[in-house]
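Atom set for the values below is all heavy atoms of this structure, side chains included, hydrogens, waters and symmetry mates excluded. Every chain is numbered from 1, with letters handed out A, B, ... down the list of sequences. Note that the structure is predicted; figures quoted are calculated from it, not measured.
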Amino acid sequence: METLLAKLRQTLRGRSAESAPLAGRVHREPPLEELVEGRWLTLPEGRCFLAEKAFALDQPHGVHRLGDLLAVPHEVWAPFLGGRGDAPFDPYEIVFFDVETTGLGRGAGTYCFLVGIGRFEGETFRLRQYFMPDFGEEEALLELAARDFAASSGLVSFNGRQFDWPLLETRYTLWRRPPPHPGEPHLDLLLPARRLWRSKLPSCALSALERDMLGVMRTEEDVPGYLIPELYSDYVSRGRTRPMANVFYHNATDLLSMVTLAARIGHLIAQPTESPGCDFVSLGRAYASQGHHERALEAFRRAANSTDRQEAAQGRRELGLLLKRLGRFDEAMAIWWAELEGNDVHPYIELAKQFEHRLKDPASARQLVLRAIERLKWGEIACADPDRTFQDLSYRLARLERHLGK
DNA sequence: GTGACGATCCCATACGCTCC
DNA sequence: GGAGCGTATGGGATCGTCAC
């Protein structure tokens, strides 16, 4: 088996060496190093092109600056770090990464031909892009990327938990190398972005977030993601370097956008009161699920005060339920009382429960249920399943009347 | 002890979304 | 176009409380 693998590696490397000069002749395009700032590296494992660039921390990217992330309190990331929410998340100890691949599949036939890795170093944000010029040179790319990953204590990506990292792990496994990083803590920015803006934006794809939240305008250099596998194929088989330079631009822009997106999200979570355009209901749920109850209550209050009627109703509902869960019944009841003239049946039911079970006042509970039934009949209360709601209310009323009768 | 009820948890299922 | 994750939803099981 080992011999077979060695032969395969040799064959692939041989093909790579043959195809490189051919590539230059077909289209007479300039070599990659003339189009992308970088240099070729030769390792025992093969050749790899390294493009490297450092950005000042006050470098703008859209409406934000790269260094904005450094002011975000580390603890805001805890709800989004997977199983390692307790791990420290220092921007200087983590790496941002994004890979360009030959397709969307997860199998052995999908290669990562470009790995972009960014990290804060002193007064700069340094971006390194490792590029494999042919399929036979993959191990060199993996070796160089591994050195960067191994020097980090955390990962940041966009959809990297589902796509980029598992794919990279597969590539290392296929070369019989251990993945260079345990994979945790891993901040996948797609998760908090969805939590914050799912109900506000038509899409939470990185390109949409760039446009709608970050003010990033890509130049004509950019290429759409779906074309990337084809462009790499053109590079390998026909030596087309110009479109490949555009892929470098695409990858670098993705990485810089991740940095400013993280800054935007981090500041928003840290100070939700100063963040218009955020889905405070989802943010509150995220806080509540992590036990940050006061922050959750604050987020729900923000939602409750929204000018968007639907968001305001949801905010009040979540606020009341969380207060009840925390045993703050009087505060919860105040919310429900204020809601009674709205078009939601929920506050009637919650108040009826409180009167029946906690306050031992079935007569008041009955009045509330009767009023809810009446409003439901008149169509003043909207609910997803009016018939079922009517049944539930009737059942509750019958029980209360039995109780009162006795 | 029994029954009714609410609260909570767990599980299964369906669906939408994102990456190249 | 493949695949995995998160979310929403609904049903069932379990537990604690209370009244009888």
Centre-to-centre under 6.0 Å for A:Phe113 and A:Phe49, is that the case here? no
Is the phosphate of B:dC19, meaning OP1 or OP2, less than 4.0 Å from a side-chain N or O of A:Thr101? no
Looking for any heavy atom pair under 4.0 Å, which part of the strands does A:Asn251 touch: base, sugar-phosphate only, or nothing? nothing
When you get a sec, tell me which of C:dG4, B:dT18, B:dC20 is the closest nucleotide to the side chain of A:Ile228? B:dC20
Of the candidates B:dC17, B:dC20, C:dG4, the side chain of A:Asp254 sits closest to B:dC20
Nearest-angstrom distance from the residue atom CD1 of A:Ile349 to P of B:dC5: 14 Å
Per atom distances to the A:Asp98 side chain, the nearest of B:dC20, B:dT18, B:dG6 is B:dC20
Do A:Ile265 and A:Trp197 have side chains that get closer than 4.5 Å, going by heavy atoms? yes
Atom OH of A:Tyr226 to atom C1' of B:dC20: distance rounded to whole Å? 12 Å
Which sits closer to the 5' end of DNA chain C, A:Gly103 or A:Arg198, going by the nucleotide each is nearest to? A:Gly103
Starting at CG of A:Leu397 and ending at C1' of B:dA4, how long is that distance when rounded to a whole Å? 17 Å
Per nearest nucleotide of DNA chain C, the residue lying toward the 5' end, A:Arg195 or A:Phe163, is A:Phe163
Spacing of A:Arg171 atom CZ relative to B:dC19 atom P, expressed in whole Å: 21 Å
Could you check whether A:Thr102 gets within reach of a base, just the sugar-phosphate, or nothing at all, counting any heavy atom under 4.0 Å? nothing
Whole-Å gap separating P (B:dT18) and CG (A:Asp164): 15 Å
Is any side-chain nitrogen or oxygen of A:Lys324 closer than 4.0 Å to OP1 or OP2 of B:dG6? no
Which is true for A:Leu104 with a 4.0 Å heavy-atom rule: it touches a base, it touches only sugar-phosphate, or it touches nothing? base
Within the structure shown, what part of the strands sits under 4.0 Å from A:Leu206 by heavy-atom distance: base, sugar-phosphate, or nothing? sugar-phosphate
Taking the six-membered ring for Trp, are the ring centroids of A:Tyr172 and A:His181 within less than 6.0 Å of each other? no
What integer distance in Å separates A:Gln314:CD from C:dT7:C1'? 13 Å
Just call it for A:Leu191: base, sugar-phosphate, or nothing, with non-hydrogen atoms closer than 4.0 Å on any strand. sugar-phosphate
Any donor-acceptor pair under 3.5 Å linking the side-chain atoms of A:Glu374 with those of A:Trp378? no
Report yes if the side chains of A:Arg328 and A:Leu297 come closer than 4.5 Å at any heavy-atom pair, otherwise no. yes
Within this structure, what is the CG-to-C1' distance between A:Leu190 and C:dG4, rounded to whole angstrom? 12 Å
Shortest side-chain distance from A:Arg106, nucleotide among B:dC20, B:dG6, B:dC19: B:dC19
Are A:Arg264 and A:Leu214 packed together at the side-chain level, in the sense that at least one heavy-atom pair is separated by less than 4.5 angstrom? yes
Please report the distance, rounded to the nearest Å, between CG in A:Leu189 and C1' in C:dC5. 16 Å
